[in-house]
Amino acid sequence: MRRGFIVADRTHNPRRKSWVVDANAAGSDFPIQNLPFGVFSTAESSPRVGIAIGGSILGLALIEEKGLIAVAGGPVFTRMRGGLSDLQEASDPRRRDGAELRRRSLVPMNKARLHLLFYVRSFTDFYASREHATNVGTMFRDPKHALMPNWLHLPVGYNGRASTVVVSGTDVRRPLGQTKPPGSDVPVLGLCRKLDIELELGAIVGTPSRMGWPITTAEAEAMIFGYVLLNDWSVRDIQTWEYQPLGPFVSAYFTAQATRAAGRGVA
C-alpha cells in the first residue's frame, strides 16, 4: 500500500507489538513501526550502526555477524527493514533462541552518544511548500509576483554543499556576515539579526546514479534509503543582501541540525 511517497508494508502494521516493552507505550517516539537508523557509541564501544526501539538502541553489529540480517543497497533496504522489524516483534519465533544475542545488542539511549549517520557533502534544497516559496519570494519581489511561474510546473530547487550538518543538541553559533541596512550606502559586517528555523524532511539517497542517464520517478524512489527530519537554520538578513544574482552563499551553508534518520519507507 502506498501513501504519498511513503511505502507502507507489514512493518507499519499498527497491531504489531515489540518484545521491548516501552516501545509499545502510547506516544512512544520509537515504536516497532518506526525503527530509525543511527550511529552511536558508548563508553565501552566505538561508533556503530543501530536502530532506535523504545528507549533503547539495538546495535546491529552482532546481529549482522550472526547472519540474522544482510546490510546492502538497492532492494535489500526494504528486506533489511522487514527483517529488523520481525526481530523486534513480540511473536517472533526466534525470540527464545536469540534472547541473549538481543540482550547483548540492546543499549539504553541515556548511555549512548549519537553521531552522524553519514557525512553530508552535498544536498539539493527544494521549494516543496507553496506557502514557503511565496513567503521567501515576497522578501525579494512584489508580493503579487512572489511565486515564480515555473514553480507550478517543475521541482524548483538548487544544489549546494554542506559541512555543517550536526546531530541534535550541538551548539550553534550565530553567523557573521554582510547586511545592507535601509538607507545605508554601503553594507556592514555584523552578526545575523534575523535567524529562523524551518522543520524540513530530507530524503537520503542510498544508491548511485549513472552520469548522463535519466531516472524515472519509480527508480528514484527505489534509490532512497530513508528519510530524516532536520532543522534548517536560515539567515534571512544576510541572505537578502547576498542572494542576487547567483543565490545564497554564506547564508545557505549555515544550515541544518539532523535529528533522526529513518529507515526505508518510513518518515
Side-chain angles (χ1 to χ4, degrees), residues 4-5 36 38-39 113-205 209 211 220 224 226-262 267:
F5 59 82
V39 172
R113 176 187 177 189
L114 292 181
H115 304 267
L116 287 179
L117 181 60
F118 53 89
Y119 290 107
V120 180
R121 303 302 186 193
S122 62
F123 66 91
T124 302
D125 194 339
F126 291 102
Y127 268 174
S129 164
R130 183 168 187 164
E131 290 76 13
H132 175 63
T134 300
N135 289 338
V136 173
T138 301
M139 294 170 52
F140 309 111
R141 294 178 293 276
D142 181 342
K144 293 182 179 181
H145 301 93
L147 194 65
M148 301 297 285
N150 63 344
W151 194 92
L152 297 174
H153 300 279
L154 55 80
V156 176
Y158 67 91
N159 295 317
R161 57 176 173 77
S163 58
T164 55
V165 178
V166 294
V167 297
S168 294
T170 301
D171 290 338
V172 175
R173 297 187 60 134
R174 185 173 292 271
L176 179 71
Q178 281 191 10
T179 58
K180 190 173 183 295
S184 176
D185 294 330
V186 295
V188 297
L189 181 67
L191 293 175
C192 167
R193 295 185 178 182
K194 294 182 179 180
L195 184 66
D196 69 19
I197 302 173
E198 304 163 26
L199 176 62
E200 297 194 358
L201 175 69
I204 303 169
V205 180
S209 59
M211 181 177 174
I224 294 176
Y227 305 92
V228 62
L229 293 177
L230 57 86
N231 294 327
D232 186 3
W233 297 66
S234 296
V235 187
R236 292 303 185 196
D237 49 355
I238 297 175
Q239 179 181 0
T240 301
W241 168 242
E242 69 178 17
Y243 188 84
Q244 304 297 332
L246 299 180
F249 180 53
V250 176
S251 61
Y253 305 122
F254 170 77
T255 180
Q257 290 195 66
T259 52
R260 45 186 81 132

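- Residues passing the side chain to side chain contact (heavy atoms under 4.5 Å, CB included) test with V120 are F118, A162, V165, sequence neighbours excluded.
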Just distance, no hydrogens or angles: give the donor-acceptor pairs under 3.5 Å from side chains in residues 134-142, sequence neighbours left out.
from	atom 1	to	atom 2	distance (Å)
T134	OG1	R130	O	2.8
N135	ND2	E131	O	3.3
T138	OG1	T134	O	2.8
R141	NE	H145	O	3.2
R141	NH2	A146	O	2.7
D142	OD1	K144	N	3.0

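- In terms of heavy atoms, L147 sits closest to A133 at CD1-CB, 3.7 Å.
- Under the rule for a side chain to side chain contact (heavy atoms under 4.5 Å, CB included), S122 has no partner lying at least two apart in sequence or in another chain.
- Closest approach of P181 and T179 over heavy atoms only: CD-O, 3.5 Å.
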Please report, to 0.1 Å, the donor-acceptor pairs under 3.5 Å made by any side chain of residues 190-203, with sequence neighbours excluded.
from	atom 1	to	atom 2	distance (Å)
D196	OD2	R236	NE	3.0
E198	OE2	S234	OG	2.7
E198	OE2	R236	NH2	2.5

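- Partners of V156 under the side chain to side chain contact (heavy atoms under 4.5 Å, CB included) rule, at least two apart in sequence or in another chain, are Y127, N150, W151, L154.
- Under the 4.5 Å side-chain criterion, counting only non-hydrogen atoms from C-beta, V167 is in contact with L116.
- Distance check, rounded to the nearest 0.5 Å: CZ of F123 to CG of D232 gives 7.5 Å.
- Applying the side chain to side chain contact (heavy atoms under 4.5 Å, CB included) criterion to V186, with sequence neighbours excluded, gives S184.
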